[in-house]
Structures are given as structure tokens and as C-alpha cells.
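Structure first, then comments.
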Protein chains: 2
Amino acid sequence: MNLDKFDLAILGVLQGDARASLQDIGTAVGLSSTPCWNRIKRMEAAGVIKGYTVQIDPAAVGFMDTVIVHVTLESHSEEMLYKFGQALAQIPEVLEAFLVSGDYDYFIRIAVRDTRDYERLLRERLYMIPGIRHSKSSFVLRRLKESALPLHLAGAQTRG
Amino acid sequence: MNLDKFDLAILGVLQGDARASLQDIGTAVGLSSTPCWNRIKRMEAAGVIKGYTVQIDPAAVGFMDTVIVHVTLESHSEEMLYKFGQALAQIPEVLEAFLVSGDYDYFIRIAVRDTRDYERLLRERLYMIPGIRHSKSSFVLRRLKESALPLHLAGAQTRG
DNA sequence: AGTGAAAAGGCTTTAAC
DNA sequence: GTTAAAGCCTTTTCACT
């Protein structure tokens, strides 16, 4: 799907506030609300927009610790990589999971209530997954930035 | 701020669709729209809800690669940790940055158009920050999960 | 605290350019 | 592709429980 500068501008506004009204979006990007609406629906249908979500303070709902865990597996067969990923995805505390190149196989980020919960999660969930060889945990001391894509650096792009 | 089961249920609905109407939220959690509205405004004011955002397919806007970079610094003084973090936050391609315990100081996740962009970013931006000692990059081959807090595991919590 | 109704405003569609 | 206007639905307020 091809995106022009208006599409990118609309995405930029929605990244800042997904509940912005069509009028405000239109004013911000220099269009009226109708074309904005059409463009948003088009991007939703094309999968450019995957959804809208709320940003919650983890500490406010009781998740006091974030831990990043590096995992190595016993084998690098496609079957094991896939099955391990599926098992990871079923653990609700796992917020992000990346299959990566390099020394490790998976990087995962988990949210836990406290260190006891973390210990239990590691022992009772993560190490119960077949194929895990080793893990290394790093506690997050400070979170500096939250993801928003730098859309001003994005060019229009054609995608399958 | 104390959150009851209705607050958590509302957050759960909004995590799934931040543009859900108050009527739909009310139906989903078993309340009418007015108390849902009051609770949302209360959580926004208290900072439990930090904002609403759109989830964009990075590839659709031209960011074909995600790289996770581990960074060590020359010193662990508070000043250096802080200054480095501030410099990181100013790089638009840096989507997430965590100050962590363990062998490394920072874990950062960056979005780049391609490997050439990544190389340029590393050389012209990251290694220009004073105090950087070493970095190690891992390319993301597959992204398995995207963060949504497991609110069913969250208890009501009192926060400063 | 919650409900339900009414007013205000925004969304979505249609029509026209 | 765009703007403008009409109808409908949602948000927001208010009176009451």
C-alpha cells in the first residue's frame, strides 16, 4: 500500500492521541474530516493500522518490575523455534518476544508484580517450556523512552 | 490510586480497542456509560492512563528492520547514565531504551529502513554520544508478541 | 457510589464540485 | 481527488435513586 504525506501525517497525529477527533486530525494535517476518515479506513483495511490501544502505567496496576530475559534454546530447528515462540506467547506476563540473530535466540520482556513473582514465573513457566537451554535476566532500573515510530523519517512504501 | 475490578475491566477493553465507545465499554464491564466515563477521566487524571495510541505496522511505513542494541558505558556515574539516556531519547529511531542491571547498561530497540540506515545510525548517532564504550547489535528476525498488560493478574494497587 | 434521559458535539454518509 | 451539509450515534451533563 502506498502512503502519501497526508497518510503519514494522520498516523503521526493518531500516534500522539488515538482518540483525536476527525476534525482535529483534519486541522492538524490540512484536510477536512471526510478525506481523513477515508484514509484511516483505508489504512485499517490494509493493515497499516493494526489497532488502537491505551498506554497504562504498569506500576499503577501493580506491575512494579520489568525484566528482560535472554534465552538460548537447545536446538535451532524451525520446529523448536516455532514451538518455543508459541509457548512464550501463551504466558500472559510476556509482553514482548523477539526472535533474534546473535548469541541468544529470544529476547523477552516481562511484567511482574515483584521479584517473587518473577522467580515463580521463571521456575514454573519459562523453564517448563521444552527446549530451553539457558536464560539470563536483566532487571529494568529505568525506562527512558516509549515507542512511537519516527514517521517523519518514513517514506511512502509499497508492500505486498 | 485505588483501582477496583471495574477499572481494570475498563482498561482491559481499552487495551483491546482504545476507540471503543462508552456504550460498548459499559456493556462489556456491566455498567452504564456514565460511570465508565467518570472512571476513565479519573484514571486519566491520576496518570494510570498515560495516553492512547495507534499500533502501526512498521514495515508498511518503510521500517523494514528492528535492531536491539546492548550498550555499555565507560563510567556508571549517575551523571553519565543520565546524560547518555537524554542523548538516546533524542534519536528518533530509538523506540525503547531501558537502563538495566547486569552485564550491560542500556538495552535499546531501534527501527530502521534497512541495514544501511542501521549502520549509519550506529556510526553517526550512537557512537557520537560521549561515554559509550561498547555496543552489541541483534537483528530481530521475528516478532512474536506485542505488549498488553495482563490485567487479570493485576490487583488493585495504591500508588504514591 | 449508579441509572437514565436529554443536550451538545462529533462521526459517517451522501451529494456536489 | 476535494468540500459541505444532513442524519445518526456518541459523549457529556444533569436530575434522581
Side-chain angles (χ1 to χ4, degrees), chain A residues 1-57 60-62 148 151-152 154-160, chain B residues 1-57 60-62 148 151-152 154-160:
Chain A
M1 174 173 183
N2 247 302
L3 303 175
D4 64 15
K5 65 169 183 168
F6 289 116
D7 293 316
L8 292 173
I10 290 168
L11 291 176
V13 174
L14 288 174
Q15 258 191 173
D17 179 12
R19 303 197 72 150
S21 73
L22 287 172
Q23 282 186 15
D24 290 345
I25 296 170
T27 303
V29 307
L31 290 173
S32 61
S33 60
T34 305
C36 289
W37 185 84
N38 286 327
R39 285 159 180 274
I40 289 169
K41 291 297 153 193
R42 199 166 49 90
M43 291 191 283
E44 285 175 355
V48 176
I49 292 176
K50 292 191 289 181
Y52 303 92
T53 195
V54 62
Q55 297 166 302
I56 299 169
D57 177 1
V61 291
L151 294 171
H152 57 287
Q157 193 72 13
T158 305
R159 210 176 46 119
Chain B
M1 174 171 182
N2 247 300
L3 304 174
D4 64 15
K5 64 168 183 170
F6 288 115
D7 293 317
L8 292 173
I10 290 168
L11 290 175
V13 174
L14 288 174
Q15 258 191 173
D17 179 12
R19 302 198 73 150
S21 73
L22 288 172
Q23 283 185 17
D24 291 344
I25 297 170
T27 303
V29 307
L31 289 173
S32 62
S33 60
T34 305
C36 289
W37 185 83
N38 286 326
R39 285 161 179 274
I40 289 169
K41 291 297 152 193
R42 200 166 48 91
M43 290 191 284
E44 285 174 355
V48 175
I49 292 176
K50 293 191 287 181
Y52 304 91
T53 194
V54 63
Q55 297 166 300
I56 299 169
D57 178 0
V61 290
L151 294 172
H152 57 289
Q157 192 73 13
T158 305
R159 211 175 47 116

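Proteins come first, then strands; the chains are lettered A, B, ... in the order of their sequence lines, and each starts at number 1.
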Give me each pair satisfying salt bridge (charged side-chain N to carboxylate O under 4.0 Å, His left out) with a member in residues 17-33 of chain A, each pair once, sequence neighbours excluded. none

Distance col, row A:Gln15:CD vs A:Ile10:CD1, nearest 0.5 angstrom, shows 13.0 Å

One should read off an interatomic distance between A:Ile56 CD1 and B:Leu11 CG, to the nearest 0.5 angstrom, of 4.5 Å

Any idea which heavy atoms bring [X] and [Y] closest together, and the distance?
{"X": "B:Ala154", "Y": "B:Leu8", "answer": "O-CD1, 3.4 Å"}
{"X": "A:Cys36", "Y": "A:Gly26", "answer": "SG-CA, 3.6 Å"}
{"X": "B:Leu151", "Y": "B:Gly12", "answer": "CD1-N, 3.4 Å"}

A:Ser33: side chain to side chain contact (heavy atoms under 4.5 Å, CB included) partners, not counting sequence neighbours: A:Leu22

Relative orientation of the end axes in the helix from C:dA1-D:dT17 to C:dC17-D:dG1, expressed as an angle to the nearest 10° (five pairs per end): 20°

Rounded to whole Å, the CG-C1' distance (B:Leu31 to C:dT3) equals 10 Å

Quick one: are [X] and [Y] in side-chain contact, heavy atoms under 4.5 Å?
{"X": "B:Leu31", "Y": "B:Arg39", "result": "yes"}
{"X": "A:Asp57", "Y": "B:Ile49", "result": "no"}
{"X": "A:Leu14", "Y": "B:Thr53", "result": "no"}

With a 4.0 angstrom cut-off to heavy atoms of chain B, pull out the first and last contacting nucleotide of DNA chain D, in 5'-to-3' order. D:dT10 to D:dC14

Within the sub-3.5 Å range, which N or O atoms of nucleotides 13-15 of chain C have a protein N or O partner, and how far apart are they?
from: C:dT13; atom 1: O4; to: A:Thr34; atom 2: OG1; distance (Å): 3.3

Mind listing the side-chain donor-acceptor pairs of residues 41-48 of chain A below 3.5 Å, one per line with the distance, residues two or more places apart or on another chain?
from: A:Lys41; atom 1: NZ; to: A:Glu44; atom 2: OE1; distance (Å): 3.2
from: A:Arg42; atom 1: NH2; to: A:Asp7; atom 2: OD1; distance (Å): 3.2
from: A:Arg42; atom 1: NH2; to: A:Asp7; atom 2: OD2; distance (Å): 3.2
from: A:Glu44; atom 1: OE2; to: A:Tyr52; atom 2: OH; distance (Å): 2.6

Near-strand residues of residues 17-26 of chain B, defined as heavy-atom separation under 4.0 angstrom from DNA chain C: none

Sorted by chain and residue number, the side chain to side chain donor-acceptor pair (under 3.5 Å) partners of A:Lys5 (sequence neighbours excluded) come out as none

